[in-house]
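Computed from a predicted model, the values in this text were never measured in an experiment. A note on names: the letters A, B, ... follow the listed sequences, proteins ahead of strands, and every chain is numbered from 1.
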Amino acid sequence: MDHPLHLYNTLSRKKETFVPIAAPHVGLYVCGPTVYGDPHLGHARPYITFDVLVRYLEHLGYKVRYVRNITDVGHLENDADAGDDKIAKKARLEQIEPMEVVQRYTVSFHEAMELLNNRPPSIEPRASGHIIEQLAMIEQLIANGFAYAVNGSVYFDVTAYAKDHDYGKLSGRVVEDLIAGAGNERRSLEGQDEKRNPADFALWKNAQPEHIMRWPSPWGDGFPGWHIECSAMSKKYLGETFDIHGGGMDLLFPHHESEIAQSQGSCGHHPVNYWVHNNMITINGQKMGKSLGNFITLSEMFSGNHPKLTQAFSPMTVRFFILQAQYRSTLDFGNEALQGVEKGLKRFLEGIKTLEKLKANADSSSFEVDGLIASYYEALNDDLNTPILIAQLYETVRLANLIAAGQADIDAASLEKLQKAASLMVYDILGLRDEQAAGGNQLDGVMALLLELRQKAKTNKDFATSDLIRDQLTALGIQVKDGKEGASWTVL
RNA sequence: GGUCGGAUGGCCGAGUGGCUAGGCAGAGCUCUGCAAAAGCUCCUACAGCGGUUCGAAUCCGCUUCCGACCUCCA
């Protein structure tokens, strides 16, 4: 291909040509959700972004193994309940089993992903199902001198690791600063005094008696630390070095930095070639997140049941909204923006349908079809620039409408090429689907009949009847559009 | 406090040295029995101040403002 795929690699801080380790195979690991709460708008962004990446890679002919974990062992709290396990806490709160919480939110996550038309990953490993692998990696780290056990907990020894490795190369941290402590604002975490050094991080945490989620280990009952699951599971399913690791920018430090240290420390080499990070969704310019409590869940988006929402927004509106920003830019949430996207999406999909139904009307095209199609690929190849792709597809829609109106020409061969390429981009790569496609053959037949009756009325100048039919249909949510080739309709 | 990033038209959001991003909103027109849809046209912005350059939204410097990470987070 003339323009190979380029991805921005956080590690090198520049766009790089994507070259897999063992083409045509591509290994992709994306940090999955912690299932102790409903999925929110922020979750939609990485999973849509990497869904598009997977779809595109497969279109390019790669065989992708897409691994995305489910974190169901919880992480340390930072508030008054410091040292608690988030999942255990929520379970006590609701008087149910931890695994029940995990199950409920895993299901709700899957439902949201399906609504957003994100395809499931190839493997979706659970942290709780890989305790053995995590323990093995921790023991290896101890054996290699990069970890130490204290009071039933095990910590990663950043100082020891940093002697021969660059801890901080991904996130741009300086080890000395981390060791010195990150300023006066740094809160004191439970277990901080057990660490040899403030920069050290937990690999295994000793479980307090009230701690429900616990597993036996060589150091006593406990639970895995913050970052070890991703290292252990990516190694298990993708190997010690794999192609792409994705996730939100907020995971850059300490999560991904520590993943590198754990993998490097235990296996002896760098785990990932391309680190790809999506930016945050903001609300009033501020990050939308659990800790700030300013997030909107996906089910609230879809139902409109949230004080910040003036109306419901469909899953495809949300998907289109997210795809209209490049994944490395922040994207600001707003009703006005969403409403604009909703209308734009409708016109967009209508236009694509118009293109699909188009018939060739000339022996040559009045515009350059190959260049237009090439522009789709150029956009995607440039670090998945979906907004540019969408702009080019809008241009395609404009041309299709012109052809339909007899104001532009296209030949048969060009038309077929364009139809194929545009549909591929819209449905297969961007992963949009027509939410209004409903009714089936029966409705089609009924509508054809109604429109025929209306046409008769119009021919007889019986506009009262023709308007009655149209207005009643409008009231039912079906829009009638009179065109040169007769009337057509869409479900609103 | 440290590190990094951003400031684009009413709103969202691309773009990195000259050439229209795109969408939504708004205005006009065409089409139409009237609408709707669609098309065409218009609205042409780049935080501020300096500098480099024939030419800067785009490069450099300074200023102001905003954000992210440094603590679980997509």
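- Here A/Ile281 lies in heavy-atom contact (under 4.0 Å) with a base.
- Between B/C24 and B/G39, the distance separating the two P atoms is 9 Å to the nearest Å.
- Defined by atom type and a distance below 3.5 Å, a donor-acceptor pair is present between the side-chain atoms of A/Glu300 and A/Thr297.
- Around atom NZ of A/Lys481, more than 12 heavy atoms belonging to other residues, nucleotides or ligands sit under 6.0 Å away.
- Residue side chain A/Arg470 reaches the base of B/A35 through a donor-acceptor N/O pair under 3.5 Å, judged by distance alone.
- Crowding of A/Lys308 atom NZ: a count of heavy atoms from other residues, nucleotides or ligands under 6.0 Å not exceeding 12.
- Looking at heavy-atom distances under 4.0 Å, A/Gly334 makes no contact with the nucleic acid at all.
- A/Lys343 has a side-chain polar atom (N or O) that falls below the 4.0 Å cut-off from OP1 or OP2 of B/A25.
- Here the P atom of nucleotide B/A38 and the CD atom of A/Gln479 are 8 Å apart, to the nearest Å.
- Among the heavy atoms of the strands lying under 4.0 Å from A/Gln326 are primed sugar atoms or P, OP1, OP2 only; no base atom is included.
- The nucleotide whose nearest atom lies closest to any side-chain atom of A/Gln286 is, among B/G67, B/G13, B/C73, B/G67.
- Here B/A14 presents its C1' atom at 14 Å from OH of A/Tyr394, a figure rounded to the nearest Å.
- Here B/A74 presents its C1' atom at 11 Å from CZ of A/Arg68, a figure rounded to the nearest Å.
- In the set B/A36, B/G22, B/G39, B/G39 carries the atom at the smallest distance from any side-chain atom of A/Arg347.
- Separating the CD atom of A/Gln407 from the C1' atom of B/U30 is a distance of 9 Å, rounded to the nearest angstrom.
- Spacing between B/G17 and B/G51 at atom P, rounded to whole Å, works out to 23 Å.
- A salt bridge is absent between A/Arg454 and A/Asp467: the closest approach of a Lys/Arg side-chain nitrogen to an acidic carboxylate oxygen does not fall below 4.0 angstrom.
- If you measure from atom CD of A/Glu257 to atom P of B/C70, you get 12 Å, rounded to the nearest angstrom.
- Spacing of C1' atoms, B/G55 relative to B/A74, comes out at 43 Å, to the nearest Å.
- Judged by Watson-Crick or G-U wobble contacts below 3.5 Å, the nucleotide B/A68 has B/U3 as its partner.
- For A/Gln392 and A/Thr396, the side-chain atoms include no donor-acceptor pair closer than 3.5 Å.
- A stacking contact between A/Phe348 and B/G23 is absent: the pair does not combine a ring-centre distance of less than 5.5 Å to the base's six-membered ring with planes differing by less than 30°.
- Taking the side chain of A/Arg173 as heavy atoms from C-beta on, and the options B/C69, B/C12, B/G39, the nearest nucleotide is B/C69.
- Nearest heavy-atom pair across A/Arg214 and A/Gln208 is NH1-O, 3.2 Å.
- Per the geometry, CG belonging to A/Asn118 stands 12 Å off C1' belonging to B/A74, to the nearest Å.
- A donor and an acceptor atom, one from each side chain of A/Glu229 and A/Thr71, are located under 3.5 Å apart.
- Sequence order on RNA chain B of the closest nucleotides to A/Arg13 and A/Phe320 puts A/Arg13 first from the 5' end.
- Between B/U30 and B/A36, the distance separating the two P atoms is 14 Å to the nearest Å.
- Comparing B/U8 with B/A47, their C1' atoms are spaced 10 Å from each other, to the whole Å.
- Under the Watson-Crick or G-U wobble criterion, with both distances below 3.5 Å, B/C49 is paired with B/G61.
- Residue contacts shown for A/Leu251 are limited to sugar-phosphate atoms, with no base heavy atom under 4.0 Å away.
- If you check the side chains of A/Tyr29 and A/Asn69, you find a donor sitting under 3.5 Å from an acceptor.
- Of the candidate nucleotides B/A14, B/G22, B/G67, B/A14 has the atom nearest to the side chain of A/Ser329.
- Between the CG atom of A/Leu349 and the C1' atom of B/G23 there is a distance of 13 Å, given to the nearest Å.
- Each of A/Ala337 and A/Arg45 lies near RNA chain B, and the nucleotide nearest A/Ala337 is the one positioned closer to the 5' end.
- Between A/Thr282 and B/A68 there is no side-chain N or O to OP1 or OP2 distance below 4.0 Å.
- Judged by Watson-Crick or G-U wobble contacts below 3.5 Å, the nucleotide B/C40 has B/G28 as its partner.
- Between A/Asn385 and the phosphate of B/G15, there is a side-chain N or O to OP1/OP2 separation shorter than 4.0 Å.
- The partner of B/C19 is absent, by the rule that a Watson-Crick or G-U pair needs both atom distances under 3.5 Å.
- For the C1' atoms, the distance linking B/G26 with B/U44 amounts to 15 Å, nearest Å.
- Among the atoms of the strands shown, base atoms are found under 4.0 Å from some heavy atom of A/His40.
- Using a 4.0 Å heavy-atom cutoff across all strands shown, A/Asp467 reaches at least one base atom of the nucleic acid.
- With both ends at atom C1', the span from B/C29 to B/C54 equals 41 Å, rounded to whole Å.
- Across the protein-nucleic acid pair, A/His256 atom NE2 and B/C70 atom P stand 13 Å apart, rounded to whole Å.
- Dashed line: the shortest gap from a side-chain N or O of A/Asn401 to OP1 or OP2 of B/G39 is under 4.0 Å.
- Taking atom C1' on both B/U53 and B/A57, the two are 16 Å apart, rounded to the nearest angstrom.
- As judged by a 4.0 angstrom heavy-atom cut-off over every strand, A/Ile390 is placed among residues making no nucleic acid contact.
- For the pair A/Arg328 and A/Tyr8, the cation-pi criterion (under 6.0 Å, within 45° of the ring axis) is fulfilled.
- Set against B/C11, B/A74, B/G39, the side chain of A/Glu336 has B/C11 as its closest nucleotide.
- Side-chain N/O atoms of A/Asp332 and base N/O atoms of B/G13 include no donor-acceptor pair closer than 3.5 Å.
- Nearest nucleotide to the A/Ile388 side chain, out of B/A14, B/A68, B/A36: B/A14.
- Taking 3.5 Å as the limit, the base of B/A35 and the side chain of A/Asp482 contain a donor-acceptor pair of atoms between them.
- Residue A/Tyr47 is in sugar-phosphate contact alone, with no base atom involved, counting any heavy-atom pair closer than 4.0 Å across all strands shown.
- Nucleic acid contact for A/Met280: base, since at least one base atom lies under 4.0 Å from a heavy atom of the residue.
- If you check every strand for non-hydrogen atoms under 4.0 Å, A/Ser466 touches a base.
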